[in-house]
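All values reported here derive from a predicted model rather than from experimental measurement.
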Amino acid sequence: MSDTAHDPETTDPTDASTDRSTEPTADAGDRSADPLVEVRDLRTYYEGDRLFGDPPVKAVDGVSFDIHRGETLGVVGESGCGKTTLGRTLLQLEDPTGGEIRFEGRDVTELSGADLRAWRRDAQIVFQDPDSSLNDRMTVGEIVQEPLDVYEWQTPRDRKARVKELLDTVGLRPEHYYRYPHQFSGGQRQRVGIARTLALEPEFIVLDEPVSALDVSVQAEVINLLEDLQEEFGLTYLFIAHDLSVVRHICDRVAVMYLGNVMEIGPTEELFTDPANPYTHALLSAIPEPDPTVEKDRLTLQGTPPNPRYPPSGCPFSTRCPARIRPEEYEDLDDAVWSSISTLGEILRERERAEQTVTDRIRELLGRDAALDTVDEVYAELFDDLDIPDDAERVLDDVATYARQNDEAHALDVLDDAFGGVCESEAPDAHTVGDAGRKSLCHRHAPEYRDPKTVIDARTN
């Protein structure tokens, strides 16, 4: 059980700039003009093995957005996209590599010691797993009272009364004060965690998938509780989740993350009904329909997200994007061929970074060319059943020749020279889309790259 989970002090993109460090951001409608939380070019990197010179893992990579007082900003994306790291960095549970986090105008990344401790009264977190975030050796009363004890809040009698008041607020009974976490259901344990979070009357709360570990019926109860508490105490939420139906229900705005970047951010209903970014479109198309007879425009992504230690040099989504901008001479290339070419590029990049395996060494000792075997197998898997134009096939033959020689770098150069484009070479700008200040990080919104045949609506202000 991690120490962070029991830390009593924590109980636990911007304007429409064309700089990539400024990610999509959007206004909060009629909410306060001055944001409660302002995030600018936030980066959280985890250093690699310095002995071998590994580059850092870019968990959060230049994110910017605002959260206005009293609103709920949802953060969604695939597993590993950086959602939890973002939330923990906002609360200084993870040290940012760069950027600013301003809370009521004050940069909390510069706080330390007593100042940081005092600020943590205003910012708290509810963890995903209520089992691991509660200490089984402490009673519920002790757990909820711990933050009050640490900050020496009023008198011991006042603290006990405050705890019983909090238990009642989250739907628990006074007698639960003396019980232990293992005596409660998952939903009740999460209520205990919420009570602990409210103890010091914070203004801002990070909700890190607070209902994902609960049964569906209990999820609804906890979500309703969170909404009631927000209205009663004027709370501001960052709501991290993978359940898009929950996000649509509770959030005022949504930020869609991919590979440490915010790809799109804007009002919830507008984003759900008219996604502007290809990744948002793909994410929403994966929501299952309860009626199997309903036809749905499902957009299935090929491959997996790149290694965050080696992100693409252009658009973060370029290796999987169905709307990727193709070179003019290959605009009419069959989608299946294009997808296989993209997969080949990813395989070559992984081969370039991978060390030789024991199996490869044994093959060499036996006089067999391991690289040749692997390349031929890859090509057979990717291209055998496809009709490839002669000009594209000549390029692929050249790529295979270099790959068989273990010269992946030269093979990638040939592949990128022929099939690469602006998506692979340049980071996209944040464009305003729609009428509600929504932002999307995609080259397709630029006038020179708009195409009504793509999966996104490129209407851009």
Side-chain angles (χ1 to χ4, degrees), residues 13-42 60-77 81 83 86 90 99-105 204 230 236-241 244 247-258 260-284 315-317 323 427-447 449-450 454-461:
T14 103
D15 55 337
S17 170
T18 57
D19 188 336
R20 182 169 182 259
S21 65
T22 303
E23 298 287 356
T25 199
D27 296 330
D30 59 355
R31 296 184 183 277
S32 171
D34 296 324
L36 177 67
V37 181
E38 301 170 84
V39 179
R40 297 293 180 270
D41 193 24
L42 183 63
V60 177
D61 193 14
V63 165
S64 300
F65 57 85
D66 294 337
I67 307 177
H68 292 253
R69 190 181 301 275
E71 82 164 330
T72 300
L73 176 66
V75 181
V76 300
C81 70
K83 303 187 298 295
L86 172 61
L90 292 186
E100 295 182 350
I101 304 169
R102 294 192 172 275
F103 187 87
E104 294 185 315
F204 175 59
Q230 183 176 37
T236 302
Y237 291 152
L238 180 77
F239 189 88
I240 300 169
L244 298 177
V247 170
R248 189 171 190 175
H249 172 76
I250 195 174
C251 297
D252 300 295
R253 291 186 301 136
V254 177
V256 181
M257 287 193 70
Y258 181 81
N261 295 263
V262 173
M263 303 303 295
E264 183 173 0
I265 183 170
T268 302
E269 274 309 304
E270 184 178 327
L271 187 144
F272 269 78
T273 57
D274 185 25
N277 194 278
Y279 180 63
T280 308
H281 191 285
L283 204 62
L284 296 179
C315 174
F317 191 47
D429 300 329
H431 295 269
T432 301
V433 295
D435 300 322
R438 186 161 43 128
K439 300 287 185 178
S440 176
L441 201 69
C442 181
H443 287 294
R444 281 292 183 185
H445 299 301
Y449 298 123
R450 295 183 196 175
T454 62
V455 297
I456 62 171
D457 183 353
R459 291 171 299 176
T460 306
N461 293 339

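Two residues are said to be in side-chain contact when any heavy atoms from C-beta on lie closer than 4.5 Å; Val37 and Thr236 fail this criterion. Considering only heavy atoms from C-beta on, Glu264 comes within 4.5 Å of Arg438 through its side chain. Looking at Pro428 and Met263, their side chains never come closer than 4.5 Å, going by heavy atoms from C-beta outward.
Residue Leu36 holds its CG atom at 13.5 Å from CZ of Arg102, rounded to the nearest 0.5 Å. We find the CD1-CG distance between Ile101 and Leu42 to be 4.5 Å, quoted to the nearest 0.5 Å. Separating the CD atom in Glu104 from the CZ atom in Arg69 is a distance of 5.0 Å, to the nearest 0.5 Å. The line from NE2 of His443 to CZ of Arg450 is 15.0 Å long, rounded to the nearest 0.5 Å. Atom CD1 of Ile67 and atom CG of Leu73 lie 5.0 Å apart (nearest 0.5 Å). The structure places CD1 of Ile265 at 12.5 Å from CG of Asn277, a figure rounded to the nearest 0.5 Å.
Applying the side chain to side chain contact (heavy atoms under 4.5 Å, CB included) rule to Gln230 yields the partners Thr72, Leu235, Tyr237; only residues at least two apart in sequence or on another chain are considered. For Cys81, the side chain to side chain contact (heavy atoms under 4.5 Å, CB included) test picks out Lys83, Met257, with sequence neighbours left out. Under the rule for a ring pair (Phe, Tyr, Trp, His ring centres under 6.0 Å), the partners of Tyr258 that lie at least two apart in sequence or sit in another chain are Tyr279, Phe317.
Judged by distance alone, the side chain of Arg444 and the main-chain N or O of Ala323 form a donor-acceptor pair under 3.5 Å. The backbone N or O of Glu269 lies less than 3.5 Å from a partner atom in the side chain of Thr273, making a donor-acceptor pair. A donor-acceptor pair under 3.5 Å is absent between the side-chain atoms of Glu71 and the main chain of Arg253, judged by distance alone. A donor-acceptor contact shorter than 3.5 Å links the side chain of Thr268 to the backbone of Asp252.
A pairwise comparison of heavy atoms in Val262 and Ala255 identifies CG1-CB, 4.2 Å as the closest pair. Nearest heavy atoms, Val63 versus Asn261: CG2-CA, 4.3 Å. Shortest non-hydrogen contact noted between Pro275 and Thr280 is CB-CG2, 3.7 Å. Closest non-hydrogen pair, Val433 versus Ala276, comes out as CG2-CB, 3.6 Å. The nearest pair of heavy atoms linking Val247 to Ala241 is CG2-CB, 3.7 Å.
Ring pair His445/His431 is tilted by interplanar angle, where 30° to 60° counts as tilted.
Between Asp66 and Arg40 there is a salt bridge, with a side-chain nitrogen of the basic residue lying less than 4.0 Å from a carboxylate oxygen of the acidic one.
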